[in-house]
Novice: 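Below you will find the structure I want to go over with you.
Here is the naming used below: chain letters follow the sequence lines, and residue numbers restart at 1 for every chain.
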Protein chains: 2
Amino acid sequence: MKCPYCSHPEDKVVDSRSSRENDSIRRRRECLRCQRRFTTYEHIEEIPLMVIKKNGQRQPFDRNKITAGLLKACEKRPISAQRIESILDTVEKSLLRRHNKEVTSWQIGELIMKKLHSVDQVAYVRFASVYREFKDVGEFMKELKDIVKKERK
Amino acid sequence: MKCPYCSHPEDKVVDSRSSRENDSIRRRRECLRCQRRFTTYEHIEEIPLMVIKKNGQRQPFDRNKITAGLLKACEKRPISAQRIESILDTVEKSLLRRHNKEVTSWQIGELIMKKLHSVDQVAYVRFASVYREFKDVGEFMKELKDIVKKERK
DNA sequence: AAGATTACCACAATATAATGTAGTTTTTTT
DNA sequence: AAAAAAACTACATTATATTGTGGTAATCTT
């Protein structure tokens with residue numbers, strides 16, 4: 001565990017206690033180089049995933065809602081429903097693997113866009129234009145040009 | 001560490017590895033009752049605090065901004081600047097103590113309101129009426145009545 | 001579709017963490 | 001302002017985690 005003060009990688013545990021609910025372990029560690037102390041927490045890898053919406057409200061992660069948006073973006077595009085499911089799989093898993101209990105809908109959008117971009121660029125632009133307003137028109141045009149260029153090939 | 005499947009409090013560590021950057025330890029644990037396995041992560045207690053704003057964008061926690069809003073809500077109220085600083089202290093500390101790297105501005109508002117409510121109820125209502133729209137008019141009127149009743153005493 | 005990275009698994013040898021008891025300080029609640 | 005709860009401290013005893021090696025499978029990148 002890297003010391004937060006001096007970045008030294010070695011330390012020792014000075015105290016270790018379970019929380020009353022046994023849902024975490026608090027350890028008090030001491031850096032072997034600078035002797036300073038710090039606290040760490042051990043947690044179970046989070047399973048429940050809460051989404052923070054734009055208005056700041058939370059709600060449980062609902063895969064179906066996202067699927068719906070993606071399906072719409074992929075209308076009339078050569079992407080199978082299977083393909084979409086697999087994109088969702090990847091996104092969901094990589095969200096679950098994060099250590100963070102909470103995700104913003106914006107982060108989810110970004111992840112999907114990254115995936116979608118490598119699968120179908122037209123669908124990507126459709127999705128992107130809904131989920132994220134391009135920072136400026138220039139960026140949007142640049143994306144479009146790149147895609148048109150490739151489609152022509 | 002409580003088993004996420006059967007809630008049994010005893011388990012053993014089956015594998016334990018540092019992340020390459022030494023900023024966390026991943027442990028693979030096995031429940032002593034149901035034998036199922038799960039993963040835990042140990043992290044340094046978080047120090048940097050990111051605020052998720054209503055529009056979904058992040059920014060570093062800025063105490064001054066919050067102070068400004070609070071000061072305005074407390075205009076002409078018998079609350080010293082010192083008092084306000086101490087409210088902010090409490091809120092900031094309790095945010096830092098959470099295990100969560102990120103907080104929504106909504107959560108911060110709630111914390112401040114809780115504190116403010118016990119200090120000055122009129123200021124509380126002013127602040128609340130800005131930071132949170134009361135779910136319904138009834139709730140707002142109820143708050144007002146309670147406060148007026150107390151003021152009369 | 002191949003290559004790289006990361007999670008997961010097993011086993012054995014060594015070193016370090018967990019736990020009880022207990023006192024102090026800090027923080028939160030009433 | 002006092003009481004209650006939580007975090008940090010120390011020390012001694014016991015028990016368990018860490019680390020290397022090495023292999024498989026799943027996932028991410030190109």
Side-chain angles (χ1 to χ4, degrees), chain A residues 1-5 8-32 35-42 44-47 83 85-99 110-119 121 150, chain B residues 1-5 8-32 35-42 44-47 83 85-99 110-119 121 150:
Chain A
M1 193 64 76
K2 187 156 61 183
C3 169
Y5 304 107
H8 190 68
E10 291 156 299
D11 58 58
K12 64 175 179 185
V13 173
V14 176
D15 194 17
S16 162
R17 305 284 154 178
S18 290
S19 73
R20 183 157 50 75
E21 302 295 353
N22 270 341
D23 55 0
S24 68
I25 299 174
R26 188 182 79 251
R27 294 188 180 83
R28 193 75 183 145
R29 310 184 89 116
E30 185 176 300
C31 174
L32 293 185
Q35 323 315 324
R36 272 176 288 199
R37 292 182 170 194
F38 53 96
T39 304
T40 61
Y41 287 89
E42 181 177 353
I44 291 183
E45 186 180 36
E46 305 295 340
I47 304 133
R83 196 65 257 192
E85 282 310 309
S86 111
I87 291 173
L88 259 292
D89 277 348
T90 317
V91 169
E92 192 172 3
K93 272 187 196 161
S94 87
L95 288 173
L96 287 172
R97 203 142 27 74
R98 298 157 38 88
H99 305 153
E110 288 295 316
L111 269 173
I112 291 176
M113 284 195 277
K114 206 174 131 203
K115 275 284 149 204
L116 203 52
H117 189 268
S118 66
V119 170
Q121 301 193 302
K150 278 187 193 155
Chain B
M1 192 63 75
K2 188 156 63 184
C3 170
Y5 303 107
H8 191 68
E10 291 156 299
D11 58 59
K12 64 176 179 187
V13 173
V14 176
D15 195 15
S16 162
R17 306 283 154 179
S18 288
S19 72
R20 183 155 50 73
E21 302 294 353
N22 270 343
D23 55 0
S24 68
I25 299 175
R26 188 183 78 253
R27 294 189 180 83
R28 193 77 182 142
R29 312 184 87 116
E30 184 176 301
C31 174
L32 293 185
Q35 325 314 326
R36 272 177 287 200
R37 292 181 170 196
F38 54 95
T39 303
T40 62
Y41 287 90
E42 181 177 352
I44 291 183
E45 187 180 35
E46 306 294 341
I47 304 131
R83 198 61 262 189
E85 281 310 308
S86 112
I87 291 173
L88 259 292
D89 277 349
T90 318
V91 169
E92 191 172 2
K93 274 188 194 160
S94 86
L95 289 173
L96 287 172
R97 202 144 26 74
R98 299 157 38 90
H99 304 153
E110 288 294 316
L111 269 175
I112 291 176
M113 283 195 276
K114 206 174 132 203
K115 275 286 151 202
L116 203 52
H117 189 268
S118 66
V119 170
Q121 300 192 305
K150 279 186 194 157

Novice: Rounded off to whole Å, could you give me the CZ-to-C1' distance for the B:F38 and C:dC9 pair?
Specialist: 17 Å

Novice: Does A:D23 have any salt bridge (charged side-chain N to carboxylate O under 4.0 Å, His left out) partners at least two apart in sequence or in another chain, and if so, which?
Specialist: none

Novice: Tell me, please, which residues at least two apart from A:R37 pass salt bridge (charged side-chain N to carboxylate O under 4.0 Å, His left out).
Specialist: A:E30

Novice: Relative to the 5' end of DNA chain C, which residue comes earlier, B:R28 or A:S18, by the nucleotide with the nearest heavy atom?
Specialist: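 Upstream on the strand: B:R28.
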
Novice: Using the C1' atoms of the five pairs at each end, what is the angle between the end axes of the helix from C:dA1-D:dT30 to C:dA22-D:dT9, to 10°?
Specialist: 90°

Novice: Could you tell me the separation between the CZ atom of B:R29 and the P atom of C:dA18, rounded to a whole number of Å?
Specialist: 8 Å

Novice: Quick test: give all pairs of protein nitrogen or oxygen and nucleotides 10-14 of chain C nitrogen or oxygen below 3.5 Å, distance rounded to 0.1 Å.
Specialist:
from   : atom 1 : to    : atom 2 : distance (Å)
C:dA10 : OP2    : B:R37 : NH1    : 2.9
C:dA10 : OP2    : B:R37 : NH2    : 2.7

Novice: Atom CD of A:E10 to atom P of C:dA15: distance rounded to whole Å?
Specialist: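 Atom-to-atom, A:E10 to C:dA15, this comes out as 14 Å.
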
Novice: If you measure from CD on A:E45 to CZ on B:R29, what distance do you get to the nearest 0.5 Å?
Specialist: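 That separation rounds to 13.5 Å.
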
Novice: Taking only residues two or more places apart in sequence or in another chain, which ones pass salt bridge (charged side-chain N to carboxylate O under 4.0 Å, His left out) with A:E10?
Specialist: none

Novice: Using OP1 and OP2 only, check whether a side-chain N or O of A:T39 sits under 4.0 Å from D:dA7.
Specialist: no

Novice: Give the rounded distance in Å between these two atoms: CZ of B:R27 and P of C:dT16.
Specialist: 14 Å

Novice: For A:R17, what residues pass the salt bridge (charged side-chain N to carboxylate O under 4.0 Å, His left out) criterion, not counting sequence neighbours?
Specialist: A:D15

Novice: Which whole-number value in Å describes the distance from B:L32 CG to D:dT16 P?
Specialist: 9 Å

Novice: The side chain of B:S16 is closest to which nucleotide in this list: C:dA7, D:dT18, C:dA18?
Specialist: D:dT18

Novice: To the nearest Å, how far apart are A:K12 NZ and D:dT16 P?
Specialist: 22 Å

